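Report on the following structure.
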Amino acid sequence: MTLTSVFPPKKDPTAARRKRMGALSVLPVFVSLHGRPVLLAGGSAAAAWKAEMLAAAGACVELYVPAAERDPEMQALLAELGTSETPRAGEIRHHDRAWAIDLFATRPALAILDTESEAEGQAFASAARAASVPVNVVDKPAFCDFAFGSIVNRSPVVVGISTFGAAPILGQAIRRRIETLLPPALSDWAALAAKLRTAAMEKLAPGLERRAFWERFADKAFLTRAPEAADDAEATRLIDAIASAPKAAVEGTAIGKVTLVGAGPGEAELLTLKAVRALQAADVILFDDLVSDSVLELARREAKRMLVGKRAARESCRQEDINALMIQFAKAGKSVVRLKSGDVSVFGRAGEELRELKAEGIPVAIVPGITAASALAAAFNVSLTHRDHAQELRFVTGHSKKGGLPENVDWAALAKPNATTIFYMGGRMAEKIASRLIAEGLSPAIPVGVAANLSREDETRAAGRLDDLGAIVGAIGFDRPILIGVGAVFGEAAAKAASHDGAADAAVATLRAS
């Protein structure tokens with residue numbers, strides 16, 4: 001099969017209009033407040049939080065509230081950041097009085113009010129807008145020109161999340177997710193980038209030279225440790241080396257890389273943080289047929305996505321074609337992610353890909369994922385190893401290169417009763433697997449657990465006896481990815497299935513609904 005038959009040529013870009021950006025409820029902007037005056041009225045805990053944020057951004061905060069109305073949090077903040085003089089950047093000056101319209105004549109950069117009164121909020125907003133001052137009245141969107149969102153602070157990297165008052169708790173939940181993705185040390189790497197920026201702009205030509213440097217730098221920025229003096233020196237040497245190198249050599253420094261990434265069993269939340277970061281940094285993603293849409297949605301929007309699926313009994317992309325694509329894109333300077341279902345090192349043909357990439361001198365790394373066997377254990381709520389039932393755990397391919405049962409495995413060893421054996425890609429071989437294990441001495445009554453589309457919305461599970469394995473898999477269907485577990489650890493699920501008269505259809509229906 002040729003590459004063009006798997007991947008048809010691109011359409012003429014003039015044939016269809018480019019998809020436009022979706023509607024935005026607000027325009028996300030970042031405002032510099034360093035040394036600029038901001039008017040803040042109110043003394044509640046919410047106002048104290050706004051004052052602290054403004055001061056952290058370097059604003060000169062002018063606070064108007066009668067002393068008797070100050071919350072303890074505001075009192076504590078003033079004790080730390082308050083001043084009686086004209087405030088400098090990051091300081092707060094308290095005025096023991098309520099706000100008045102004349103204050104807007106000073107044209108502060110922003111005006112913020114915390115009040116429970118609709119009438120006061122409307123009056124404040126009207127006065128601010130008359131003076132062309134952007135205004136925010138806390139928790140009153142109708143009187144707001146801008147909103148305070150949740151913040152992830154890796155300054156000079158600052159991430160803002162806003163629902164514009166529609167769902168603040170959701171915004172906070174999103175912030176927590178992003179917090180886990182951005183290592184605290186990113187702040188130090190961003191500061192180092194700012195330090196190096198002038199030298200990079202002066203010495204490196206726009207385009208290839210600058211990209212060659214910044215891409216290498218960005219790879220390091222997601223290390224969990226802070227940069228050291230050696231990192232600074234190395235970056236400076238790299239700038240000089242790229243600047244003095246001939247163009248052909250610079251093109252060599254721009255060679256891309258390939259990252260083999262485990263996508264897990266399907267559910268996006270089961271991705272590792274390192275896998276998400278790899279997807280966010282990718283220029284090209286070559287993904288398997290079993291990778292879920294929810295996982296792909298976490299990739300960088302601009303990344304080129306190419307399906308290179310391989311499925312039994314279906315037309316598939318040849319492994320040689322996949323290898324060629326990875327090499328082609330990497331040599332063009334792209335960051336390539338080879339995205340595989342489950343874990344890349346478990347029945348994912350990663351060995352062949354690693355060999356080809358290393359032979360071409362292309363940098364390659366592995367990001368492990370949750371393998372399907374672990375998802376099977378979670379689906380049945382069992383441990384695959386158990387001191388009383390299973391002292392061994394085996395992962396076995398369910399079919400050979402020729403399509404039949406694999407003959408280069410020790411079937412007699414697989415028939416031991418004190419082990420849990422997981423068969424990958426064995427759906428069509430289920431009846432033959434059962435017959436072979438029974439022929440080798442394994443009890444026909446040993447429990448089995450079977451699942452399709454693990455961790456996805458249409459996940460289906462079933463359990464029963466080994467001698468019913470063919471019927472169980474047949475009831476689930478052969479057209480979906482099947483995982484088979486054999487061992488005593490699935491005893492509870494098998495007993496539950498037996499309570500429905502042991503009928504495969506009943507077992508499947510019951511476990512699908514559970």
Side-chain angles (χ1 to χ4, degrees), residues 24-63 71 73-74 76-78 80-82 87-92 108-114 128 133-141 143-194 218 221-224 226-227 269 273 276-277 280-281 298 300-301:
L24 293 172
S25 59
V26 291
L27 178 67
V29 296
F30 295 88
V31 179
S32 175
L33 293 176
H34 190 82
R36 301 177 66 188
V38 172
L39 168 60
L40 175 62
S44 68
W49 167 236
K50 299 294 188 294
E52 182 177 355
M53 191 184 308
L54 292 166
C60 305
V61 183
E62 300 282 2
L63 173 66
D71 183 90
E73 287 193 32
M74 183 66 83
L77 184 64
L78 288 173
E80 181 181 352
L81 301 177
R88 293 176 296 182
E91 293 182 340
I92 306 169
L110 302 173
I112 299 107
L113 169 69
D114 182 31
V133 175
V135 62
N136 174 279
V137 179
V138 178
D139 290 338
K140 292 179 172 53
F143 304 137
C144 293
D145 296 331
F146 66 93
F148 289 88
S150 297
I151 289 177
V152 178
N153 186 8
R154 300 290 186 270
S155 190
V157 175
V158 179
V159 181
I161 306 103
S162 173
T163 63
F164 209 69
I169 301 301
L170 176 60
Q172 293 170 18
I174 295 170
R175 178 188 63 78
R176 290 193 296 271
R177 293 284 186 92
I178 297 176
E179 284 276 9
T180 64
L181 295 176
L182 302 182
L186 184 62
S187 176
D188 299 311
W189 286 100
L192 177 57
F222 286 93
L223 296 175
T224 55
E269 289 191 357
L273 297 180
V276 174
R277 290 171 186 156
Q280 287 289 313
L298 296 174
R300 190 165 71 99
R301 184 185 298 275

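This is a predicted model, so every value here is computed, not measured.
Atom CG of L63 and atom CG of L77 lie 9.0 Å apart (nearest 0.5 Å). For the atom pair CD1 of I161 and CZ of R176, the computed distance is 11.0 Å after rounding to the nearest 0.5 Å. Taking CD of E179 as the start and CG of N153 as the end, the distance is 8.5 Å to the nearest 0.5 Å. Separation of atoms CG (N136) and NZ (K50) is listed at 6.5 Å; rounding is to 0.5 Å.
Considering only heavy atoms from C-beta on, E80 stays 4.5 Å or farther from E52 through its side chain. Looking at L113 and F143, their side chains never come closer than 4.5 Å, going by heavy atoms from C-beta outward. With a 4.5 Å cut-off on side-chain heavy atoms, F148 and I112 count as touching.
Minimum interatomic distance between P156 and S187 (heavy atoms only, all atoms of both residues): CD-O, 3.7 Å. Minimum interatomic distance between P184 and R154 (heavy atoms only, all atoms of both residues): CA-NE, 3.6 Å. Smallest separation of non-hydrogen atoms from I151 and R175: O-CD, 3.1 Å. Of all heavy-atom pairs between V133 and D145, the closest is O-OD2, 4.1 Å. A47 and D114 make their closest contact through N-OD2, 4.0 Å (heavy atoms, listed as atom of the first residue, atom of the second, distance). When all heavy atoms of A147 and S162 are compared, the closest pair comes out as CB-OG, 4.4 Å.
The side-chain contact (heavy atoms from CB on, under 4.5 Å) test with V152 singles out one residue from L186, V159, V158, and that residue is V159.
For R177, the CZ atom counts as loosely surrounded, since its 6.0 Å shell holds 12 or fewer non-hydrogen atoms of other residues, nucleotides or ligands. A 6.0 Å sphere centred on CG of D139 holds no more than 12 heavy atoms belonging to other residues, nucleotides or ligands.
Although no hydrogens or angles enter the test, the distance criterion places a donor-acceptor pair under 3.5 Å between the side chain of Q280 and the main chain of L298.
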